[in-house]
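Beneath this line is the structure, given in structure tokens, with notes to follow.
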Amino acid sequence: MTFSQEVWQRNLDLYQKILALPFNQELAAGTLDSKAFCHYVIQDAHYLLAYGRALAVAAAKAFDADDVIQFSEAAKIAIIVERSLHKDFMQAFGITKTEFESTPLTLACHHYTSFLTATAWSESYPVVLAALLPCFWIYAEVGHDIVSQSVENNPYQAWVDTYSGEEFHAAVRNVIATVDKVAARCDADTLAKMHAAYSMGAKLEWLFWDSAYQQREWLGLDHA
């Protein structure tokens, strides 16, 4: 069994809970509160910048030239997608540049980005890849699931199309293949750390979507 097969099986229950989140169910049905989606889009834009940085660190730590290219390009794409959120989703839902820039990271976004950044700088290349993998893989699987349920004239169809499209899925398959290639060279201790890193990333994926649905903020604290 490859690392990816094993890590997916170990975290399958968590993935099912992500699919069942009201955010994803209502997004597919087109009934998601636009305020919850706007909350998500703003935080996702913040997240993607940090994710791009973590991918760039992964590229710097890569074992071979092909992996350097793969994750350098992935870092670039993460930033491009972050900017497209401003141009497309934020504009479509009336989120101004000022509103985005003045909105701080939520607890969930801060927790997730801090985890990725700390892991990227402090851990070995295989563990960094495992921490980055849930965002690639879980989004692809959620997108695949939602596209089959998405209603006609869904106001969130552009989001669904982004993460259910073949271009994104091909990129995810390539990342999974690289992770499996790297994991095949690892000792038992490193593999255990990889599993722990993936599981934490998957838990934070759940937390990110749940936080967006609940529109959670730093309640009772100064946003400054």
Side-chain angles (χ1 to χ4, degrees), residues 8 11-52 74 76-106 108-109 112-113 133-176 201-217:
W8 187 262
N11 294 275
L12 185 57
D13 287 347
L14 179 55
Y15 169 67
Q16 295 296 338
K17 289 177 181 178
I18 289 172
L19 280 184
L21 282 169
F23 186 98
N24 290 323
Q25 292 298 309
E26 292 178 19
L27 188 146
T31 59
L32 180 66
D33 185 342
S34 62
K35 290 182 180 178
F37 187 75
C38 289
H39 180 105
Y40 162 82
V41 167
I42 290 172
Q43 294 304 313
D44 197 38
H46 285 310
Y47 169 86
L48 284 169
L49 179 57
Y51 192 64
K76 175 183 174 182
I77 291 171
I79 304 303
I80 290 172
V81 171
E82 182 265 336
R83 289 179 176 176
S84 74
L85 286 176
H86 297 161
K87 181 181 177 183
D88 299 328
F89 290 124
M90 289 191 189
Q91 189 176 63
F93 285 87
I95 302 168
T96 66
K97 182 180 179 182
T98 300
E99 182 182 358
F100 165 69
E101 292 176 347
S102 63
T103 302
L105 275 65
T106 59
C109 189
Y112 200 173
T113 56
L133 183 57
C135 184
F136 278 111
W137 200 356
I138 292 174
Y139 261 76
E141 294 300 324
V142 168
H144 178 75
D145 182 81
I146 288 178
V147 74
S148 64
Q149 304 176 43
S150 184
V151 297
E152 189 175 354
N153 298 318
N154 191 333
Y156 307 113
Q157 192 63 44
W159 187 96
V160 175
D161 292 342
T162 297
Y163 294 107
S164 63
E166 176 55 28
E167 183 178 0
F168 180 66
H169 279 253
V172 171
R173 288 194 295 270
N174 289 337
V175 170
I176 292 170
K203 289 174 183 177
L204 291 169
E205 285 291 325
W206 180 93
L207 184 66
F208 195 95
W209 269 309
D210 182 66
S211 174
Y213 187 77
Q214 304 295 338
Q215 299 178 55
R216 291 199 171 97
E217 305 286 353

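The basis for the numbers below is simple: all heavy atoms, side chains too, and nothing from hydrogens, waters or symmetry mates.
Remark: A170 pairs with E166, R173 by the side-chain contact (heavy atoms from CB on, under 4.5 Å) rule, at least two apart or across chains. For the salt bridge (charged side-chain N to carboxylate O under 4.0 Å, His left out) test, residues two or more places apart in sequence or in another chain that qualify with D210 are R216. Taking the ring-ring contact (aromatic ring centres under 6.0 Å, His included) definition, one finds that W206 meets it with nothing, sequence neighbours left out. The ring-ring contact (aromatic ring centres under 6.0 Å, His included) check on Y47 picks up Y51, Y112, F208, with sequence neighbours excluded. Scored by the side-chain hydrogen bond (donor to acceptor under 3.5 Å, both in side chains) test, N24 finds no partners at all (sequence neighbours excluded). For H46, the ring-ring contact (aromatic ring centres under 6.0 Å, His included) test picks out F100, with sequence neighbours left out. Looking at residues two or more places apart in sequence or on another chain, you find no salt bridge (charged side-chain N to carboxylate O under 4.0 Å, His left out) involving E167. P22 meets the side-chain contact (heavy atoms from CB on, under 4.5 Å) test with E26, Y213; sequence neighbours excluded. Remark: T96 engages T98, E99 in a side-chain contact (heavy atoms from CB on, under 4.5 Å) (not counting sequence neighbours). For I77, the side-chain contact (heavy atoms from CB on, under 4.5 Å) partners are E73, V81, not counting sequence neighbours.
Rounded to the nearest 0.5 Å, atoms NZ (K17) and CD (E205) are 16.0 Å apart. Here the CG atom belonging to D44 is positioned 11.0 Å from the CD1 atom belonging to I42, to the nearest 0.5 angstrom. Put simply, CG on D13 and CD1 on I18 are 11.5 Å apart, with the number rounded to the nearest 0.5 Å. Here the straight-line distance linking atom CG of D161 with atom CD1 of I146 works out to 11.5 Å at 0.5 Å rounding.
Closest non-hydrogen pair, V160 versus L27, comes out as CG2-CD2, 3.7 Å. Nearest approach of S211 to T106, heavy atoms of both residues: OG-OG1, 4.1 Å.
The closest side-chain heavy-atom distance from H39 to E217 is below 4.5 Å. Within the 4.5 Å cutoff, the side chain of T103 has heavy atoms near those of the Q43 side chain. Using a 4.5 Å heavy-atom cutoff, the side chains of L12 and Q16 are in contact. Side-chain contact between V41 and C38: absent, with no pair of heavy atoms (C-beta onward) separated by less than 4.5 Å.
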Report all side-chain donor-acceptor pairs from residues 137-145 shorter than 3.5 Å, counting only partners two or more places apart or in another chain.
unit_1, atom_1, unit_2, atom_2, d
Y139, OH, Y40, OH, 2.8
D145, OD2, Q149, NE2, 2.7

**Request:** Could you go through the side-chain contact (heavy atoms from CB on, under 4.5 Å) check for L48 and I79 one step at a time?
**Result:** CA-CA 7 Å; L48 284 169; I79 304 303; over 6 Å; no
Check against ring-ring contact (aromatic ring centres under 6.0 Å, His included), F23 and Y156
CA-CA 12 Å; F23 186 98; Y156 307 113; 8.0 Å; no
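In the model, Q157 has a side-chain atom that pairs as donor or acceptor with a side-chain atom of S150 under 3.5 Å.
Applying the salt bridge (charged side-chain N to carboxylate O under 4.0 Å, His left out) test to pairs two or more places apart or on separate chains, none has a residue in residues 27-37.
Between the H169 side chain and the Y163 main chain, a donor and an acceptor come within less than 3.5 Å of each other. Side-chain N or O atoms of N11 include none that pairs as donor or acceptor with a backbone N or O of A202 at under 3.5 Å. A donor-acceptor pair under 3.5 Å links the side-chain atoms of Q25 to the main chain of L19, judged by distance alone.
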